[in-house]
Amino acid sequence: MLIGYISVTLRVKMKLSNFYQKYEKRVGAVFEKYGSLATLHPWYLITGCLMLNALMAIGFMRMKFETHVEALYTPIGSQAYTDRDKVARIFPDKTGVNFNMFSLVDLGMYGQVMIRTKDGSTILNETFIEEIEMIDKFISNITVTDAASGEEKAYPDICALNSDGCGLFGKIIFTKLFRYQMHANNISFPEFNREAISPIFGNTTVKNGTLNFASMVKLRYYLRTDTPRNRYFSRKWEQVFVERMKDVVTNLTEVAYENSESLNVELNGNTDGRDTSLFSITFTIMLFYAGFATSGGDCVSQRQNLGRAGVLTTLISIAASFGLVSACGVEFVNIVGVMPFLLVGIGLDDMFILLSGLADAPVSYSIEDKIKQTLRTSGVAITITSLTDFLAFAIGASSVFLSVRNFCIYTGVGVLVCYINQLTFFVPCMVLNERRMASRRHCLTCLPIESREHLQSQGKSRRHVRCCGGSPPRGRMDNESPLERIPKLVLQRFVLFPPCKVLILLAFGAYLGLSIYGTINVQQGLKLSNLADQKSYYYKYAIWDEDYFTTQMIVSFVFQSTLNYTDANTVKHIDHLVETIKSESSTVTYIPEWNWLEQYKESVFLRLLGNSSNVFEEGLKLYLQYRPDLVNNVIFDDNGNIAASRINIITKNLKHSTQQGEMMLRMREIAAASELNVLVHSAPFIYFEQFVAILPSTLTTVGIAVIVMILVTALFMPHPLLVALVGLTMIMILLGLFGFMYFWDLTLSSVTMIHLIMSIGFSVDFSAHICHAYICMEGTCRNSIVSAAITRSGGPIFNAAISTILGVIVLVFSTSYIFQSFFKLMFLVMLFGFAHSLFLLPVLLSLIGPEVNVIPLIKENRKQYKQRILSHDKLHHDIKGFQSEVEDKQLGYSNNAFLKDSGSKEEISGNQYETMDNVMRSSETAASDNEEASDHQYENIDDVKHVNDTSIAVAMVTAEDNYMSHL
């Protein structure tokens with residue numbers, strides 16, 4: 001029974017092996033055909049690529065910018081937008097007639113100043129009030145001039161007007177009543193004289209409803225916006241206000257200031273040339289690193305120029321993608337400034353994978369066959385990663401946030417253009433470099449040179465030999481740099497050592513625990529201070545506002561249609577709405593004085609005139625003349641009927657974005673539950689929509705992207721276990737990103753959402769590389785296949801991760817929150833991707849990886865191997881007997897191949913020399929019992945058509961020997 005079970009198992013695995021090899025062969029055949037084309041016409045492809053990229057880059061001329069924070073970081077078409085438009089149509093702009101800040105539909109236009117005592121003492125004394133008056137006078141005298149007409153206006157000329165003069169929020173501190181109560185230490189709080197003063201004072205101490213201490217005060221200078229001309233002057237005054245406030249001189253206090261556009265200006269200034277210029281430093285670093293990482297070999301086998309060509313490929317891709325997307329009319333948003341740093345990492349990852357695949361190609365192959373094999377293996381690998389990256393951004397382009405959508409469009413197109421340029425520019429460059437090496441030409445001068453051995457025999461100096469001598473590579477090791485060779489050797493020994501496997505699994509268990517803890521505790525929302533340069537004037541203001549002042553909002557319940565306010569049912573529904581609002585005392589504060597209906601009912605006007613429908617409106621009009629603060633809350637139609645009205649309330653101090661989002665949803669629930677046609681609105685709701693939408697939007701986008709990534713992986717690697725492992729590592733990496741955001745003081749916002757979408761593709765890339773290498777390699781057991789997979793992909797993954805980190809590390813010096821958060825998440829995804837692909841996955845593959853490339857190799861020749869294993873003497877005799885035949889066959893093939901490739905006698909001579917050395921080296925390797933050499937030299941035995949049967953048999957004998965030992 002045991003023999004029968006083993007037989008069935010071997011048969012099933014053999015069928016699976018045949019299926020995967022045939023599938024891989026069919027997929028790779030497409031890339032082989034292109035490899036032939038690239039080998040025959042490299043210059044045509046390079047020229048066409050450069051011309052097409054230059055044509056696309058012309059689109060830069062049509063680039064348009066979107067810079068407004070509201071448009072970028074709030075959901076497109078949200079309910080807050082719709083409600084604000086409705087309210088704006090119902091309640092007209094009253095900034096030029098009867099301004100009241102509670103009546104504003106939006107945040108308005110203003111200049112704002114915070115004043116704080118230098119010694120930290122209370123500001124509630126006459127000395128400090130006098131200095132505040134001095135600052136107020138300075139601001140009131142700020143003037144602007146229209147360059148065209150020469151018209152000059154000071155603040156009183158363009159301020160928002162009401163019955164008391166200019167609409168200055170906070171001017172209550174200048175009134176006689178306030179000063180009288182201040183001296184009496186009897187300032188009621190949070191309301192004073194029917195006005196909410198809690199937003200005016202900062203760093204307060206309150207006892208028994210009385211304000212005892214406040215070291216800060218806030219004054220907001222509102223401006224007129226009722227006509228285009230007034231808006232023009234108001235905008236100019238805001239700008240001059242910021243400039244002039246730098247010159248204010250104080251003795252006892254210090255100030256911070258901003259205007260209604262400060263956040264927009266700071267955010268865009270924070271991601272302009274000051275930070276994007278860092279890309280020039282990144283580009284320089286990448287040139288040096290790419291050259292150093294490909295610096296192995298001599299003057300012929302040197303590949304530094306290929307490394308620089310890889311960086312150039314990425315650079316032209318960035319320019320072309322920017323131009324193409326701009327030509328299509330997609331606005332450039334400030335966060336797209338991080339895209340070049342991202343594409344550098346993607347482009348160099350592809351470059352290192354292609355170079356590794358080329359190094360794997362047997363040196364006896366013709367140039368065409370080398371390129372074909374490279375594209376059949378590495379071409380498929382970069383296609384998987386490019387496709388997953390592109391699809392991740394394509395899914396992100398459906399986001400409800402304009403900043404996320406436009407970033408994903410720019411970057412998705414960039415990934416696609418970069419992939420095409422890798423095939424049409426970098427691969428032809430590889431062909432040209434192979435031609436140069438085949439003809440023994442110097443890597444810098446391209447002049448023919450002699451081998452170092454030949455120069456030494458001629459007595460040339462050591463310097464001359466080193467700088468002017470060289471030969472084509474005889475194997476992978478001949479032109480690998482230390483950065484390509486050392487990491488994989490260290491990883492192979494560490495990862496496959498049994499005690500280290502246990503340590504790795506325990507370490508990732510701890511990582512998973514920390515990730516889950518951080519994910520549970522990560523916060524949502526975006527602090528405004530994070531969006532400003534820490535050296536800017538706005539940063540100081542935002543920090544003071546966050547740390548010392550309350551965050552309270554005016555919320556309006558709007559009755560949109562005409563109601564009969566004398567009808568019992570209508571009054572009942574309104575009273576029920578008010579009672580429901582009062583019940584939310586933990587979130588909002590109901591102030592009776594702000595309810596026009598309640599105040600009117602309690603007034604003498606209604607008692608004198610009666611409550612009949614005929615006189616209700618007339619009496620109300622008379623009452624509102626007495627209460628100008630409520631005038632803007634009632635709208636009469638042409639017939640004198642009440643067309644619409646609103647009741648205002650104020651929220652508690654809601655600092656956290658989660659509280660703000662929940663408050664908005666709860667107020668909407670209350671409005672929706674009313675029997676009346678009620679709409680709830682607050683100017684900040686536009687921004688609160690982000691807090692509500694960000695988590696479901698992120699989870700939906702990430703979830704869809706993960707599913708798509710798994711499907712794409714299955715398309716190119718149709719093995720369920722490998723697909724499951726790639727999916728597992730992707731989820732673990734994303735979980736780590738969410739979790740470590742908490743430890744690195746990042747919050748979930750529309751900014752970090754962009755970086756998380758970006759990370760989805762990167763979380764797949766490295767894992768896909770190692771798994772694809774695993775399924776392509778052959779070995780005697782799982783450990784040997786993992787070792788071979790690390791040989792192929794370990795170096796490229798290491799260099800891709802390091803180069804990407806070096807590419808973004810300059811962003812540490814950025815003053816932009818967008819760039820800094822990009823660096824943090826990019827660093828994390830590179831670190832986690834590297835760790836999962838070169839530590840966790842190799843361990844898992846060595847323990848439970850599929851054995852489809854092990855069993856078929858043994859089964860076919862089992863009887864023959866057993867006979868040969870019995871006598872190693874006979875094996876060595878066979879090797880000696882066939883050695884001359886091996887040399888003749890390989891040398892003859894090499895001559896024909898190189899004749900076909902170039903027709904140059906010099907090339908034939910050089911490659912005959914190279915081929916003879918390679919044959920001897922291959923024979924010696926095959927005769928040894930070194931498992932690693934046999935595994936790596938004969939990676940695809942079923943597909944190799946240029947290595948003779950004797951060499952295959954020798955490798956198979958060695959494989960059987962190791963396999964039997966393993967059993």
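Side chains are part of it too, since the values below use all heavy atoms of this structure and drop only hydrogens, waters and symmetry mates. We number each residue from 1, following the sequence as shown.
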Qualifying disulfide bond (SG atoms under 2.5 Å apart) pairs, either residue in residues 153-215, two or more places apart: Cys159-Cys166
Using modelled atom types and a 3.5 Å cut-off, is there a donor and acceptor pairing between side-chain atoms of Asn653 and backbone atoms of Thr551? yes
I'd like to know if Glu598 and Lys601 make a salt bridge, using a cut-off of under 4.0 Å between side-chain N and carboxylate O. no
Compute whether any side-chain donor of one residue and acceptor of the other, for Asp85 and Thr82, lie under 3.5 angstrom apart. no
Looking only at side-chain N and O atoms, does Asn564 offer a donor or acceptor that is under 3.5 Å from a partner on Thr570? no
Partner residues of Tyr155 under the ring pair (Phe, Tyr, Trp, His ring centres under 6.0 Å) criterion, sequence neighbours left out: Tyr221, Trp237
Does a side-chain heavy-atom distance below 4.5 Å link Val248 with Val113? no
Using a cut-off of 6.0 Å, state whether more than 12 heavy atoms not belonging to Asp745 lie near its atom CG. no
Side chain to side chain, Phe685 and Thr74, heavy atoms closer than 4.5 Å: no
In the structure I gave you, are the side-chain heavy atoms of Thr67 and Asn264 within less than 4.5 Å of one another anywhere? no
Do Ser121 and Phe128 have side-chain heavy atoms sitting under 4.5 Å apart? yes
Pairs satisfying salt bridge (Lys or Arg N to Asp or Glu O under 4.0 Å), at least one member in residues 552-577, at least two apart: none
Does the side chain of Asn632 reach to within under 4.5 Å of the side chain of Phe91, using non-hydrogen atoms? no
Would you check if the side chain of Lys218 reaches a backbone N or O of Phe169 as a donor-acceptor pair within less than 3.5 Å? no
Any donor-acceptor pair under 3.5 Å linking the side-chain atoms of Tyr626 with those of Ser603? no
May I have the step-by-step check of salt bridge (charged side-chain N to carboxylate O under 4.0 Å, His left out) for Arg627 and Glu602, ending in yes or no? CA-CA 13 Å; Arg627 289 291 303 272; Glu602 295 176 355; over 6 Å; no
Is there side-chain contact between Arg666 and Thr587, with at least one heavy-atom pair below 4.5 Å? no
Side chains of Ser645 and Asn633 only: does a donor on one sit below 3.5 Å from an acceptor on the other? no
Does His576 NE2 have over 12 foreign heavy atoms under 6.0 Å away? no
Got a salt bridge between Glu689 and Arg84, using NZ or NE/NH1/NH2 to carboxylate O under 4.0 Å? no
Residues which pass ring pair (Phe, Tyr, Trp, His ring centres under 6.0 Å) with Tyr623, listed by chain and number, not counting sequence neighbours: Tyr600, Phe605
Give the ring-plane orientation class for Tyr517 versus Tyr742, where under 30° counts as parallel, over 60° as perpendicular and anything between as tilted. perpendicular
Does the side chain of Thr175 reach to within under 4.5 Å of the side chain of Ile172, using non-hydrogen atoms? yes
Mind checking what makes ring pair (Phe, Tyr, Trp, His ring centres under 6.0 Å) contact with Tyr257, not counting sequence neighbours? Tyr537
I'd like to know if the side chain of Tyr73 pairs up with that of Ser749 as donor and acceptor (distance under 3.5 Å, no hydrogens or angles considered). no
For Asp136, is there an ion pair with Lys171 - N to carboxylate O distance below 4.0 angstrom? no
Does Asp637 CG have over 12 foreign heavy atoms under 6.0 Å away? yes
Counting C-beta onward and ignoring hydrogens, is there a side-chain heavy-atom pair between Met741 and Ser821 closer than 4.5 Å? no
If you look only at distance, which donor and acceptor atoms sit under 3.5 Å apart when one is on a side chain in residues 184-193 and the other is two or more places apart or in another chain?
residue	atom	partner	partner atom	Å
Asn186	ND2	Gln181	OE1	3.2
Ser188	OG	Glu191	O	2.5

For Phe213, I'd like to know if atom CZ has over 12 heavy atoms of other residues, nucleotides or ligands within 6.0 Å. yes
